[in-house]
Amino acid sequence: MAKRSLALQLDEVVQAMLVSLRPRPEEEPDRDLASLMRVAQVLRDLPREEFRAGLKSDLQRRATMNEGTAGSATGKVKAQASAIHYQRPGLTSITPYIIVRPAAQFIEFLKSAFEGTERMRMPAPDGSIMHAEVAIGNGAIEVSDGNEEYPTAPAAVHLYVDDPDATYERTLQAGATSFYAPTDDHPSGDRWGAVKDPFGNHWYIAKPRGWTPGPEGLRSVQPYLHLREAHKMIPFLETAFGAEAMGVHKSPEGAVLHATIRIGNATLEIDEAHGEFQPMPCHLHVYVPDTDTAYARALQAGATSIDAPRNAPYGDRAAGVKDAWGNSWFIATYLGR
């Protein structure tokens with residue numbers, strides 16, 4: 001009987017590992033298969049189904065190239081790469097990454113207050129949450145438990161919802177305290193209320209009034225940064241991430257009263273810290289077309305390095321920087337596998 005191809009052998013190995021079965025032994029194990037098996041065994045427990053499927057596809061592609069069809073495989077890779085977006089499915093260009101403790105209770109707050117849907121949860125060996133994602137509207141919040149390396153860091157988030165009054169009431173029932181109830185007198189013109197949750201995060205709950213969103217609609221989740229010398233953040237974001245200032249409103253003295261900044265397909269908001277709304281250095285996850293370029297530009301714009309660019313085991317090209325205001329930016333490009 002002819003020996004089965006390396007691609008077919010690898011298919012059986014991956015399928016077996018994904019259902020926790022022992023792979024079928026070969027009389028003469030292929031050296032290339034053995035090395036690919038070790039890679040697959042290291043990655044088999046990652047929770048994302050799409051990641052597992054991507055892993056299988058990628059390893060099959062490598063096996064095919066090893067069997068002498070490198071030319072056709074390379075063409076297939078290029079075709080696939082052109083169709084892969086740089087953002088991980090389910091996330092936008094900017095996502096708040098909120099580090100709290102205990103994260104499990106915070107996730108329950110997001111579900112109760114904002115009708116959030118938990119999409120994934122990765123536990124750490126000690127039972128804490130290493131990473132979780134909660135969808136809210138058409139956006140998401142990423143969550144993890146604080147630790148010595150990454151201590152808790154509350155954030156401010158602007159939420160657009162269908163019914164700000166009902167959402168505001170749910171937040172209070174879930175344990176939040178009020179800054180002010182929804183009102184039509186907010187300077188933005190929107191119906192707008194604000195609360196502080198039990199973990200120290202600020203939530204600005206709003207619905208548009210007197211204006212119509214563009215054809216792309218509204219993003220449900222927008223990070224909101226209260227900064228000192230907020231006007232300096234705009235050129236930093238433009239240089240590092242190719243951001244675009246959508247609207248900047250300043251006081252006669254030049255202080256930023258409010259600005260909306262677009263990065264990719266999402267926005268964040270900034271203003272000059274004032275009153276109860278003081279700086280809250282936080283963490284943001286930003287997807288860009290080229291992590292290495294964004295990382296280099298962020299350093300040129302005055303950021304300091306947290307992590308140099310690397311291929312992360314979850315399928316992103318990832319890096320990290322800290323800006324001059326103390327905010328951490330987790331920079332990523334989804335590699336499509």
Side-chain angles (χ1 to χ4, degrees), residues 92-100 141-142 146 150-160 179-180 186-190 192 194-197 199-204 206 219 221-264 266-288 291 293-307 319-332:
T92 62
S93 294
I94 315 166
T95 302
Y97 202 117
I98 301 182
I99 300 178
V100 297
I141 303 290
E142 294 180 280
Y150 290 104
T152 58
V157 180
H158 182 188
L159 295 181
Y160 273 113
F179 284 119
Y180 51 86
H186 191 269
S188 67
D190 294 344
W192 184 302
V195 301
K196 182 177 183 178
D197 70 26
F199 309 89
N201 303 290
H202 293 188
W203 301 92
Y204 310 140
R219 287 296 177 192
V221 178
Q222 300 182 90
Y224 202 118
L225 304 180
H226 302 295
L227 307 165
R228 301 202 185 282
E229 297 189 298
H231 63 283
K232 294 182 178 179
M233 175 61 84
I234 297 172
F236 169 78
L237 296 176
E238 290 172 338
T239 300
F241 306 123
E244 175 189 1
M246 305 293 292
V248 181
H249 304 284
K250 293 185 177 181
S251 71
E253 297 75 28
V256 175
L257 301 177
H258 179 268
T260 298
I261 314 296
R262 176 180 295 280
I263 299 176
T267 55
L268 74 156
E269 297 168 271
I270 67 171
D271 67 14
E272 191 71 23
H274 60 284
E276 296 176 288
F277 306 106
Q278 293 300 308
M280 303 170 67
C282 63
H283 304 280
L284 301 108
H285 193 181
V286 55
Y287 274 95
V288 297
T291 289
T293 298
Y295 172 81
R297 289 177 177 172
L299 297 185
Q300 292 170 3
T304 57
S305 177
I306 297 174
D307 288 306
V321 299
K322 180 174 288 188
D323 66 30
W325 295 264
N327 303 291
S328 297
W329 299 82
F330 303 136
I331 307 169

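The model shown is predicted, which means the values in this text are computed figures rather than measured ones.
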Could you check if a side-chain atom of [X] sits within less than 4.5 angstrom of a side-chain atom of [Y], using non-hydrogen atoms only?
X	Y	answer
Ile331	Phe241	yes
Thr267	Ile261	no
Val321	Leu299	yes
Ile270	Ile234	yes
Tyr295	Val288	no
Leu284	Val286	no

[X] [atom1] to [Y] [atom2] distance, which is reported to the nearest 0.5 Å:
X	Y	atom1	atom2	value
Arg262	Ile94	CZ	CD1	9.0 Å
Glu253	Glu272	CD	CD	11.0 Å
His283	Ile306	NE2	CD1	7.5 Å
Leu225	Asp323	CG	CG	8.0 Å
Thr95	Phe330	OG1	CZ	12.0 Å
His285	Thr92	NE2	OG1	10.0 Å

How far apart are the closest heavy atoms of [X] and [Y], and which atoms are they?
X	Y	answer
Pro223	Pro96	CG-CG, 3.9 Å
Phe199	Pro154	O-CG, 3.7 Å
Tyr150	Asp307	OH-OD2, 3.9 Å
Cys282	Ala155	CB-CB, 3.8 Å
Ala273	Pro279	CB-CD, 3.5 Å
Pro151	Ile99	O-CG2, 3.6 Å

Residue set satisfying salt bridge (Lys or Arg N to Asp or Glu O under 4.0 Å) with Lys250, at least two apart, ordered chain then number -> none
Salt bridge (Lys or Arg N to Asp or Glu O under 4.0 Å) against Glu276, all qualifying residues, sequence neighbours excluded = none
Counterpart residues, side chain to side chain contact (heavy atoms under 4.5 Å, CB included), relative to [X] (two or more places apart):
X	result
Thr304	Lys322
Ala324	none
Ala156	His202, Tyr204, Tyr224, His226, Met280

Residues Leu227, Asn327; criterion side chain to side chain contact (heavy atoms under 4.5 Å, CB included); working and verdict | CA-CA 10 Å; Leu227 307 165; Asn327 303 291; 4.0 Å; yes
Not counting sequence neighbours, list each pair that qualifies as a salt bridge (Lys or Arg N to Asp or Glu O under 4.0 Å) and has a residue in residues 225-247.
-> Glu229-Lys232
Hey, what's the ring geometry for Trp192 with His186, parallel, tilted or perpendicular (30° and 60° as the breaks)?
-> parallel
For Gln222 and Leu268, run side chain to side chain contact (heavy atoms under 4.5 Å, CB included): C-alpha distance rounded to whole Å, both residues' side-chain angles, the deciding distance at 0.1 Å, then the answer.
-> CA-CA 5 Å; Gln222 300 182 90; Leu268 74 156; 5.7 Å; no
